[in-house]
Each structure stands twice: as structure tokens, then as C-alpha cells.
Amino acid sequence: MAIVKATKTPVRPAPISETSVFGWLQKNLFSSAFNTALTLFTLFVIYLTVSGVYGWGFVDATFEAENRRECYDNSLTGACWAGVIDWFDNIFYGRYPREEIWRINFGGLLLVLWMAPLWMSRVKGKILVGASVVVFYPFLAGYLFAGGDKGLFMQIMVSGAIVAFAINMANAVVSVLRNQGLDAFVIQSLGKNTAPDKTQRNILLLLTAVTFVAAFLWQLSWTATGVSWTKWGGLFLTLVISGIGIASALPGGIILALGRRSKLPIVRILSTGFIEVFRSVPLITVLFMATTMFPLFMPEGFVLNKLVQVIIAVVLFNACYMAETVRAGLQAIPKGQFEGAHTIGLGYWGTMGLIIMPQALKHMIPNIVGSFIGLLKDTTLVSIIGLFDILGMLRSISKDVPWLGLHKEPLVFGAILFFIICFAMSKYSRHLEVKLSAGRKH
Amino acid sequence: MSDTQTSGQLASAISTEVMIEVNQMNKWYGSFHVLKDIDLTVHKGERIVICGPSGSGKSTLIRCINALEEHQEGEIIVDGIVLGKNLKNLDHIRTEVGMVFQNFNLFPHLTILENLTLGPIWVRKMNKADAVETAMKYLERVKIPEQADKYPGQMSGGQQQRVAIARSLCMSPKIMLFDEPTSALDPEMIKEVLDVMVDLADTGMTMIVVTHEMGFAKTIADEVIFMDEGDIVERNKPEAFFGNPEHERTQKFLSQIL
């Protein structure tokens with residue numbers, strides 16, 4: 001009896017409970033009398049909630065009215081969306097001059113166009129694209145939003161941004177159409193692809209310089225009307241503050257985290273102290289400090305505008321939180337990776353930049369995006385210190401004479417807006433995780 | 001491995017040039033004395049196998065030679081350069097000394113080819129085409145050129161270890177250190193890694209190998225070193241070492257593992 005089975009067992013299909021919808025329903029929702037009762041009860045609660053919200057928000061709601069009185073005339077139990085709709089421009093743009101709103105939209109469009117190549121798989125030189133966004137876009141957008149006189153520095157940065165944007169777009173088009181980078185394309189069309197590297201580089205530099213001069217001369221011909229930051233508000237302001245916060249919190253956090261793990265005692269102590277001080281204070285305190293106490297330490301006559309102070313506070317605060325996230329990610333990298341990097345002769349920055357950070361950041365995506373979402377929501381605190389961000393605007397509706405006392409609808413609307421943005425962010429982070437871990441099990 | 005065992009010693013090409021010199025070196029982990037008065041001279045082309053019970057300081061010794069660990073007393077001279085606090089020296093030493101680890105330590109986020117070309121491109125400042133060419137040459141030598149575009153996580157342990165060897169070779173080191181290269185491998189994969197190492201030994205590379213593979217030691221070693229509790233207890237030609245161990249600690253160790 002040494003052989004237990006002489007023939008191979010044939011493969012049979014799985015039982016119905018594993019494969020069909022009904023099987024699933026039965027197994028997960030109606031497996032016993034008690035579970036059936038629970039399922040039905042839950043469905044009933046869901047029905048009550050959804051039908052209530054649906055009735056209030058859609059069926060009985062008023063979408064067109066001059067003031068709150070008319071809403072009540074239409075329906076006493078429905079939502080008065082007319083107030084929210086009437087305030088749309090304020091909610092999104094604050095008190096930004098209406099005839100200049102296109103500048104905000106244009107700025108947003110530029111950002112989308114600028115970043116779009118990052119998502120195209122055929123585009124070459126993505127790191128440069130990303131770097132150009134971080135380095136140049138803030139200046140271009142900043143000038144677009146604020147307007148006024150361009151100083152020489154601003155003129156240079158705006159021209160730089162225009163050049164970077166133009167090169168980026170051209171590169172994207174060439175990459176998609178011909179599957180090669182813009183630099184290779186230019187060199188090839190000039191018939192210089194056999195020239196030595198140095199010559200090729202000089203040609204590219206020369207072309208860039210020519211474009212820069214052209215951009216510089218062109219931007220001299222126009223100026224945007226100045227719009228004081230006090231007129232900025234609504235979702236626009238929220239996105240400006242949180243956008244700058246998000247863009248600078250990560251690099252700041254990485255630097256602080258590296259500082260905290262540094263072998264150099266002074267760097268380590270300073271970083272640790274900085275992180276701990278900011279982390280142990282609530283954001284609202286930091287904001288008050290930044291707007292009321294900070295000016296006291298500055299020389300007389302030195303006036304920073306409140307918005308800049310707020311942005312600095314938000315950036316520092318979030319950089320410290322990010323530093324701890326990054327540090328956690330760094331600690332998850334096995335020591336062997338450092339040793340592996342050392343044995344091929346990489347120094348500290350090479351090891352960190354090429355080996356450790358790329359792996360650590362990948363592990364940290366969920367936490368990083370979590371921080372970003374938190375940052376976006378925390379930004380609403382600036383309404384307490386007198387900036388009219390989206391929350392400030394939503395709450396102002398109830399003080400507007402025609403819509404006096406209209407609290408619920410604006411806040412519900414705000415909640416929906418925040419949900420859309422935050423949900424999109426978390427979905428995107430999920431997508432990134434899957435994409436980055438594809439085929440790289442370890 | 002029986003064939004390599006019976007075929008006996010590889011031809012060795014030891015020159016009189018000294019590659020590694022360790023004089024009266026001591027190392028402590030905190031208050032624990034790991035390495036005690038170590039003296040060791042390795043000539044160019046010499047192949048040394050270090051064995052000994054776990055915790056005897058074998059790995060620590062070769063990690064000191066690669067400057068992955070600091071030593072507190074005595075001196076280590078590698079290829080004429082004294083290891084010390086000078087960071088420039090350390091980086092230089094590490095490019096001259098290749099090291100292969102028990103756990104491979106490949107970079108999981110990079111493809112095999114990227115793993116191999118990273119050092120030559122960023123440290124040796126080689127241009128990319130040349131680096132790829134070198135990498136493919138060594139991948140061929142370790143017999144896995146077809147895996148170049150895979151990620152380490154998609155390969156078996158034996159293949160990963162061969163990649164790790166190729167990665168070190170891409171830096172064209174003068175010395176190769178092996179820290180228990182086969183200890184984390186399944187038995188059927190040990191041979192493929194050892195074969196690559198025997199190949200390498202055949203090219204005249206200076207090698208120090210920490211291993212428990214005694215058959216391998218008999219094949220390639222010019223000399224075998226036995227370490228116990230931080231001391232170098234015995235150093236001898238393999239036939240003498242295995243046939244007629246002198247010290248009783250060596251005899252005890254050999255009787256336990258053979």
C-alpha cells in the first residue's frame with residue numbers, strides 16, 4: 001500500500017457560494033435568521049437616511065430664488081441652494097475682482113497643463129518636468145494672481161517660467177509623437193547628432209538662452225493689474241495655502257528627517273528640537289504666533305503681509321509632521337540597503353537619493369497623502385485669524401442680508417467640496433501605490 | 001560538488017604584493033571585545049577562507065576590512081591606504097573592495113541592470129552605454145543575462161546572489177569579500193553560486209570568503225583561517241587544515257561540521 005492514489009484528481013468547479021452573486025449574498029448577508037434581521041434593519045436605516053437627504057436636498061429644494069424668503073415660500077422643508085448658487089463666485093474666488101477671475105482659472109489651467117506630461121508614459125525627463133513645476137510655477141502663478149509691478153527678480157522668474165513651460169509643452173508633444181526627448185529631437189533635426197557631447201550641450205543652452213531673451217522681451221510688454229491679497233479668498237485661497245504647504249512640506253520634511261537622523265550632533269539636536277517644538281503646539285497657536293507675535297520680533301517698519309506669515313506657519317508646521325512620517329519610512333528600510341549602497345562606493349547623498357529615499361517614499365505614500373488631506377482640511381483654521389478662505393466665505397453667507405441665517409446649506413456644500421477633493425487625493429494615492437509596487441514584490 | 005572536490009586545488013597566482021594588512025587590530029561592540037589582536041596579511045591573488053563558530057567575529061573582521069565597521073585599535077591597510085577617520089579614504093576603499101552579503105542586499109526598487117550600472121555610473125562616472133555593456137558582460141559571466149530587466153524580487157535566491165556578485169564585479173574591485181554568501185540559500189541553489197565563485201577564483205581575484213562550505217574551501221582556498229571568540233586560532237593550507245588540524249578548538253569545530 002505504498003501508492004495512495006495512482007491517478008491525478010480531476011479539477012472540479014468551486015461550490016456555488018464562492019462564485020455567484022446569490023451565493024455571496026447568502027453567505028455574507030443572510031446566513032442566519034439573526035443576520036437576516038440585521039441586514040434588513042440596516043437596509044431600513046440606510047433607506048431612511050438616503051430618502052431624507054434626497055427629499056431635503058433635491059425634491060423639496062429651491063435652486064432659484066432672490067432671497068431666503070422666496071425659498072421658504074417655495075418649500076419650508078427643503079434646502080435653499082439658491083443662496084449657495086448666488087454666492088458661487090465668492091465661495092470659489094473670494095472677493096477677487098470679477099473681471100480678473102480669468103487669471104485664477106488660467107493659473108489653474110497652466111498648472112494642469114504643466115503637470116500633465118508627468119502622467120504620460122512616453123514623456124522623457126519627468127524629473128525635470130517635476131522640478132520645473134516646483135521651481136518656476138509658483139512665481140508665474142504668484143504674479144498672475146497678485147499682479148502689479150514686476151521687479152527685476154520677478155521679471156526674470158516669470159520669463160524663466162514661460163521658457164520652462166514652453167520647453168515642457170514642446171517636449172511633451174515631441175515625446176508623444178516621436179517617442180524621443182526634445183533635446184534629442186532638436187539635435188537630430190539640426191543634423192548634429194554626431195557632434196561631441198559638449199557641442200550638443202552648448203547648442204541646447206544657446207537655444208534656451210535665445211528663448212529666454214524672447215520671453216523676457218515679450219513679458220516687458222504687459223503687466224497684470226495689481227490685486228491685493230486681502231481680496232483673495234474662498235476655495236482659491238484655501239488651495240493656494242494648502243498647495244504651497246503640500247509642495248514644500250515634503251522637501252522640508254525630508255530635510256528635517258535626515259537632520260534628525262544625522263550623525264552630526266548639532267544638526268541632529270537642532271532638527272529634533274525644531275520638530276518637537278512645532279509638533280507639540282496646535283496649528284492654531286502657530287498661526288496666532290505667526291500673525292501677532294512674529295511682527296514683534298521684527299525690526300520696526302518691517303511689514304510682512306499676513307498671508308505670507310500664514311503660509312510660512314503652515315509650511316513649517318506641516319514640514320515637522322512630514323519629517324516624522326519620513327523618519328518612520330526611513331526606519332523601515334533594512335540596514336542591508338545602506339551597506340549594499342556603501343559597498344558600491346556611494347556616499348551619503350548618493351545612498352539617500354538613489355537607494356533609501358525612493359524605497360522609503362514608496363512605503364510612505366499612504367501616510368504622506370494622509371498628511372496632505374489633513375493639511376488641506378486644517379487650512380480652514382485660517383478663517384479664525386481673519387482670512388476669508390472657503391470656510392470663511394461659506395459662513396459669511398448667513399450674514400448676507402438676503403440670505404440671513406442660511407447656515408446649513410453652505411456648510412453641506414463645503415463638506416461635499418472637501419469630500420470630492422480629499423477622496424480624489426486618496427484614490428490617487430491608492431493608484432500610485434499599486435502602480436509603484438507593480439512587479440516589484442519584495 | 002563532488003567533482004570539484006576531487007579535482008583538487010585550482011592553480012593559484014599569488015604575488016608578493018600585499019593587498020591587505022591588519023596589524024594588532026582590536027574591536028569592541030560597546031564593552032564586548034569582538035576582535036582581539038588580529039594580525040592578517042593577504043597577498044594579491046590570494047584566496048582565504050575564514051570559518052569558525054557563529055559569534056566568533058568572522059563577519060565582523062571582513063566588515064572592518066571594508067570599513068563597514070569601525071575598529072578601535074590597531075591598523076588596517078588596504079591596497080596601501082590606511083583605514084581611519086578620513087571619509088574620502090573610506091569611499092575610495094569601498095570602490096576597491098567588493099562585498100557580497102548573506103542577504104544579497106540588492107536594491108529592490110531597481111531592475112537587475114540598474115542595480116549593476118548604478119555604481120559605475122554614479123561613482124565611477126562611466127557613461128551609460130559603457131556601464132550597460134560592462135553590466136551585461138558580468139551578467140553573462142554569472143550566467144543570467146536574460147534576467148537583466150527583472151526586479152530582484154522576481155528572482156530566486158541563487159540568482160539574486162549571482163546578481164550581487166556581478167554588481168560588485170562591475171565596480172572592477174581589486175578584492176572581493178564574501179560574507180556567508182550561501183547561508184541564506186536553499187540547498188539546490190548553493191551550487192550555482194559556488195560555481196560562480198570558483199570561476200571568479202580562477203581569474204586570480206583576491207578573495208576572502210567567510211563560509212561553512214568546507215568542500216568549497218578545499219577547492220579554492222590557498223589558506224584556511226579558523227576563528228573562535230575573536231581570535232585567529234589557526235591558519236593553514238587546506239589539506240593540512242582539514243587533514244591535520246593542530247589546535248583542539250579547530251579539531252572540535254571540524255568534528256562538529258564535517
Side-chain angles (χ1 to χ4, degrees), chain A residues 121 124-127 180-181 183-184 193-201 262-265 267 329-330 332-365 432-442, chain B residues 59 62-63 65-69 87-88 90-111 114-125 127 149-155 160 163-173 175-179 184:
Chain A
S121 55
K124 310 268 188 281
K126 289 210 173 98
I127 293 178
Q180 63 181 157
D183 47 348
N193 31 0
T194 50
D197 285 356
K198 262 230 168 85
T199 322
Q200 295 193 1
R201 203 177 59 207
S262 169
K263 286 206 180 82
L264 312 168
V267 173
L330 287 176
I333 304 297
K335 202 170 158 232
Q337 290 294 308
F338 291 89
E339 295 182 345
H342 285 320
T343 50
I344 57 169
L346 288 173
Y348 177 80
W349 294 108
T351 306
M352 284 299 167
L354 297 169
I355 308 297
I356 306 302
M357 275 301 164
Q359 295 185 58
L361 289 176
K362 200 174 86 191
H363 290 303
M364 291 182 303
I365 290 172
L432 263 187
E433 265 175 73
V434 173
K435 196 174 146 198
L436 288 178
S437 61
R440 306 182 191 187
K441 293 166 276 162
H442 41 116
Chain B
S59 295
I62 65 169
R63 290 162 64 88
I65 293 171
N66 197 16
L68 276 179
E69 304 272 0
L87 289 174
K88 273 237 151 35
L90 291 193
D91 284 342
H92 181 73
I93 285 300
R94 286 184 184 133
T95 62
E96 302 297 332
V97 182
M99 180 143 183
V100 174
F101 300 88
Q102 184 175 355
N103 298 317
F104 331 134
N105 293 344
L106 294 176
F107 308 129
H109 62 302
L110 301 175
T111 64
E114 288 165 341
N115 263 282
L116 265 60
T117 53
L118 192 80
I121 290 175
W122 289 87
V123 180
R124 292 257 189 251
K125 312 285 177 207
N127 74 43
D149 294 322
K150 285 198 179 171
Y151 287 94
Q154 299 166 313
M155 308 176 87
Q160 290 193 45
V163 170
I165 294 172
R167 181 177 71 180
S168 288
L169 292 178
C170 280
M171 296 295 292
S172 26
I175 303 164
M176 284 287 283
L177 306 174
F178 294 83
D179 188 2

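Within every chain, numbering begins at 1; the chains are lettered A, B, ... in the order of the sequence lines, protein sequences first and strands thereafter. Model, not experiment: these values are computed from the prediction.
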### Task
Might you work through the side chain to side chain contact (heavy atoms under 4.5 Å, CB included) test for A:Ile344 and B:Thr95, ending with a clear yes or no?
CA-CA 6 Å; A:Ile344 57 169; B:Thr95 62; over 6 Å; no
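Checked against side-chain hydrogen bond (donor to acceptor under 3.5 Å, both in side chains), B:Glu114 has the following partners two or more places apart in sequence or in another chain: B:Thr111. Taking A:Ala332 as the reference, nothing meets the side chain to side chain contact (heavy atoms under 4.5 Å, CB included) condition, with sequence neighbours excluded.
Scanning both residues, B:Leu106 and A:Gln337, for their nearest heavy atoms gives O-NE2, 2.7 Å. Among all heavy-atom pairs drawn from B:Met99 and A:Thr343, the shortest one is CB-CG2, 3.5 Å.
Between the side chain of A:Gln359 and the backbone N or O of B:Phe107 there is no donor-acceptor pair closer than 3.5 Å. Remark: side-chain polar atoms of B:His109 are paired, donor with acceptor, to backbone N or O of A:Leu354 under 3.5 angstrom.
At a heavy-atom cut-off of under 4.5 Å, chain B is reached by A:Gly345, A:Leu346, A:Gly347 from residues 345-353 of chain A, listed in order of number.
Sorted by first and then second residue, the salt bridge (charged side-chain N to carboxylate O under 4.0 Å, His left out) pairs with a member in residues 100-111 of chain B form an empty list; sequence neighbours excluded.
Of the listed residues (B:Leu177, B:Val100, B:Asn105), the one with the most heavy-atom contacts under 4.5 Å to chain A is B:Asn105.
Neither the backbone nor the side chain of B:Arg124 has a heavy atom closer than 4.5 Å to any heavy atom of chain A.
Note that the NZ atom of A:Lys335 and the CG atom of B:Asn103 stand 12.0 Å from one another [nearest 0.5 Å].
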